[in-house]
Number of protein chains: 2
Amino acid sequence: MQSSPVLQNVNKHIQLTEDEVMYFLSLLHQQVVPKKHFLLKEGCACNQLYFVESGTLRAYYLDRNGKESTIMFAVNDWWITDMYCFINRLPAMLHIETLESASIQQLSRDGFDALCSRIPKFERFFRIIMQNAYTREQLRVIQNLSLSAEERYDQFVAKYPQIVQQVTQKQIASYLGITPEFLSSIRAARAKK
Amino acid sequence: MQSSPVLQNVNKHIQLTEDEVMYFLSLLHQQVVPKKHFLLKEGCACNQLYFVESGTLRAYYLDRNGKESTIMFAVNDWWITDMYCFINRLPAMLHIETLESASIQQLSRDGFDALCSRIPKFERFFRIIMQNAYTREQLRVIQNLSLSAEERYDQFVAKYPQIVQQVTQKQIASYLGITPEFLSSIRAARAKK
DNA sequence: TAAATTTCTTAACCTACCTTAAGTATTTCT
DNA sequence: AGAAATACTTAAGGTAGGTTAAGAAATTTA
């Protein structure tokens, strides 16, 4: 059996039969998206769940003052969408853009629902995916509440070294909730040591 | 069939047979916990998932400077634990205390695992619980990044009116990531209007 | 490869929110 | 009920991080 990146990702948590693999793959749609394109824009229907085979994506919220807040980055082996709107069938609140040209597998909500209903193992798979996403966000809330900007930057660099290489400081700053100028000064202070 | 609060909660998302109900209930352990007692302390093994039948609970992180950050409140019909540590079998990073005397149903991690393995419908149930928890935390991150303290307070009051009645301002402040003094001044400014 | 755009840096000034402190109100404990 | 502890308020002074602006470096586009 071949083993595409998305299958390898699924195999980390559940074991599928050959038929199940075929069915799963039949629900996916591959897509190559050039750099600086949008997979999702605020206000659009959010009917797809994306798996990143390669490339770099960013999800961000744009507030009424025009300020961007980066909600998540996704590199290879990550799932990404505006989950709140995907689940609740609401117009997207987030923008999702490619920072680098990306190869994506997309699964529609109908596909997602069918997969969960027809193959209970996928309920397990997505339970684990959601569980990990939940605990990751909760850790982020804890750190936002208890650490200084400098400490949050350190944690980010330690946790996501791959992402640090691929995104701009402006984008990291908007993930950490600080201005690019302030991040620059944190880095300058650090460089002196 | 009787319908305890925890069964009603489960029934919101999945339909169980009578046998499944019996099995599920056999895994639960009811507990009445007086006000100001701890269900979990930092450093302890976190082997239980708690469902609140009545009462009020608070999970918080205590940082090295002694500052408390409230991670979540739980009132009736909520599930609560230190999920990151529960899932990863790590010593708890959070404290969970009762703010008001509470009636709790607890499910051990072994029970949780058994339930998911033996009744795939429970994979679905917890997938939905985790999904909701994830999107709730993500919304919180978005609001922390894009709103002022005053706006976050307004959102909190609008979203959790029941909780506002049951917890102190100090605790709300520690949820919002501000000091009690600053929350007090926000409320004073508001009262003038 | 040059022009245009975007990113990064530095620095002066600013503000949302913090700290400390002291007083008052409320709750808890005996 | 009275004492002790905790919560809430107010206010003055402080600081982490923001804003504005302008120049230098890097990247993108033509």
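Letters A, B, ... are given to chains in the order of the sequence lines, protein chains preceding strands, and every chain is numbered from 1. Note that the coordinates shown come from a computational prediction; the quantities given were computed from them, not determined experimentally.
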A:Gln171 side-chain N/O to C:dT7 phosphate OP1/OP2 under 4.0 Å:
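Answer is no, no contact under 4.0 Å.
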Distance check needed: [N] [atom2] versus [X] [atom1], whole Å only.
{"X": "B:Asp63", "N": "C:dC18", "atom1": "CG", "atom2": "P", "value": "13 Å"}
{"X": "A:Leu99", "N": "D:dT27", "atom1": "CG", "atom2": "P", "value": "15 Å"}
{"X": "A:His37", "N": "D:dT28", "atom1": "NE2", "atom2": "P", "value": "14 Å"}
{"X": "B:Ile172", "N": "D:dT9", "atom1": "CD1", "atom2": "P", "value": "11 Å"}
{"X": "B:Leu176", "N": "C:dC18", "atom1": "CG", "atom2": "P", "value": "10 Å"}

For the pair B:Glu97 and B:Lys36, find out whether any cationic side-chain nitrogen is under 4.0 Å from an anionic carboxylate oxygen.
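Between B:Lys36 and B:Glu97 there is no salt bridge, as every charged N stays at least 4.0 Å from the carboxylate O atoms.
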Taking the cut-offs as 6.0 angstrom to the six-membered ring centre and 45 degrees off its axis, would you call A:Arg118 and A:Phe24 a cation-pi pair?
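Pair A:Arg118/A:Phe24 does not count as cation-pi.
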Starting at CZ of A:Phe126, measure out to CH2 of A:Trp79 and round the result to the nearest 0.5 Å.
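So the CZ of A:Phe126 and the CH2 of A:Trp79 are separated by 4.5 Å.
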Please determine, for the side chain of B:Lys170, which listed nucleotide (D:dC8, C:dT7, C:dT9) has the closest atom?
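Of the candidates, D:dC8 comes closest.
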Tell me the bend of the helix from C:dT1-D:dA30 to C:dT30-D:dA1 as the angle between end helix axes, each from five pairs, rounded to the nearest 10 degrees.
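Here the helix ends are tilted 70° relative to one another.
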So among A:Thr81, A:Ile96, A:Leu90, which one has a side-chain contact (heavy atoms from CB on, under 4.5 Å) with A:Cys46?
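Single side-chain contact (heavy atoms from CB on, under 4.5 Å) partner of A:Cys46 among A:Thr81, A:Ile96, A:Leu90: A:Thr81.
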Check for a donor-acceptor pair, side chain of A:Arg58 on one end and backbone N or O of A:Thr70 on the other, with a separation under 3.5 Å.
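Checking the backbone N and O of A:Thr70 against the side chain of A:Arg58, no donor-acceptor pair under 3.5 Å is found.
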Side-chain donor-acceptor pair under 3.5 Å between B:Gln162 and B:Asn76, yes or no?
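Short answer, yes.
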What's touching nucleotides 27-29 of chain C from the protein side, N or O pairs under 3.5 Å?
from	atom 1	to	atom 2	distance (Å)
C:dT28	OP1	B:Lys35	NZ	3.2

A:Phe156/A:Tyr175 under ring-ring contact (aromatic ring centres under 6.0 Å, His included): CA gap, chis, key distance, verdict
CA-CA 9 Å; A:Phe156 183 82; A:Tyr175 180 93; 5.0 Å; yes
Below 3.5 Å is the cut-off: list the nitrogen or oxygen pairs between protein and nucleotides 10-19 of chain D, distance only.
from	atom 1	to	atom 2	distance (Å)
D:dG17	OP1	A:Ala149	N	3.2
D:dG18	OP1	A:Gly177	O	3.4
D:dG18	OP2	A:Thr179	N	3.2
D:dG18	OP2	A:Thr179	OG1	3.4

